[in-house]
Q: 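Can you read through this structure? Questions will come right after.
These numbers come from the heavy atoms of this one structure, side chains and all, not from hydrogens, waters or symmetry mates. The chains referred to below are lettered A, B, ... by the order of the sequence lines, with proteins before strands, and numbering in each begins at 1.
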Amino acid sequence: MSPEPRKPFAARVFDAVRAIPSGRVATYGDVAAAAGRPGAARAVGTLMANAGPRRIPAHRVVAAGGALGGYGGHEAEKAALLRAEGITVVGRRIRGFAAIRCEI
DNA sequence: GAAATGACAGAGT
DNA sequence: GACTCTGCCATTT
């Protein structure tokens, strides 16, 4: 069943990202699945890159395996934001990733 | 309508 | 554990 097929895929992606509470993270694949298109992790990244001035916690969206992923070339800032939420970031990886992974 | 782009994922080396 | 290659998908030009 389609939750909201009237809205574009991007809108559902943004909605899913906004549903991520502070101190939690979700992978691009999880966001894509939450948007109704599992496997479209790459599409999610593309949309985020072109999201423009959207007010969404994009820094809470990370790559699979606990990798930070990308952040428009500012992954260091992304790690800082995650740390500010109580998330332990080691290099380009997240410590206890499975523990803070939010199921959308 | 087709080709190119990009903030991925998984498997293999 | 880190790096490389291929596959997948939606958006934009």
Q: Using side-chain hydrogen bond (donor to acceptor under 3.5 Å, both in side chains) as the criterion, list what pairs up with A/Glu77, not counting sequence neighbours.
A: none
Q: Just checking A/Ala51: base, sugar-phosphate only, or nothing, at a heavy-atom cut-off of under 4.0 Å?
A: nothing
Q: Please collect all salt bridge (charged side-chain N to carboxylate O under 4.0 Å, His left out) contacts where either partner lies in residues 52-61 of chain A, sequence neighbours excluded, each pair once.
A: A/Arg60-A/Glu85
Q: Using links of under 4.5 Å between side-chain heavy atoms of ILVMFWY residues, direct or through other members, which residues join A/Leu81 in one cluster?
A: A/Tyr71
Q: In B/S/- notation, 5' to 3', how is nucleotides 8-13 of chain B contacted by protein heavy atoms closer than 4.0 Å?
A: BSS---
Q: Starting from A/Val44, walk the hydrophobic network (Ile, Leu, Val, Met, Phe, Trp, Tyr; side-chain heavy atoms closer than 4.5 Å) and list everyone else you reach, by chain and number.
A: A/Phe9, A/Val13, A/Phe14, A/Val17, A/Ile20, A/Tyr28, A/Val31, A/Leu47, A/Met48, A/Ile56, A/Val61, A/Ile104
Q: Return the polar atom pairs (N/O with N/O) between nucleotides 11-13 of chain C and the protein under 3.5 Å, or none.
A:
none

Q: With nearest nucleotide decided by heavy atoms, which residue, A/Arg93 or A/Gly39, maps closer to the 5′ end of DNA chain C?
A: A/Arg93
Q: Could you state the NE2-C1' distance from A/His74 to B/dG6, rounded to the nearest angstrom?
A: 16 Å
Q: Please enumerate all residues that pass salt bridge (Lys or Arg N to Asp or Glu O under 4.0 Å) together with A/Arg92, with sequence neighbours excluded.
A: A/Glu75
Q: To the nearest Å, give me how far apart CZ (A/Arg92) and C1' (C/dC3) are.
A: 12 Å
Q: Any chance you could measure A/Asp30, atom CG, to A/Glu103, atom CD, to the nearest 0.5 Å?
A: 8.0 Å
Q: Under the side chain to side chain contact (heavy atoms under 4.5 Å, CB included) test, which residues partner A/Pro38, sequence neighbours left out?
A: A/Ala33
Q: Just call it for A/Ala43: base, sugar-phosphate, or nothing, with non-hydrogen atoms closer than 4.0 Å on any strand.
A: base
Q: Identify, with sequence neighbours excluded, every residue that meets salt bridge (Lys or Arg N to Asp or Glu O under 4.0 Å) alongside A/Arg18.
A: none
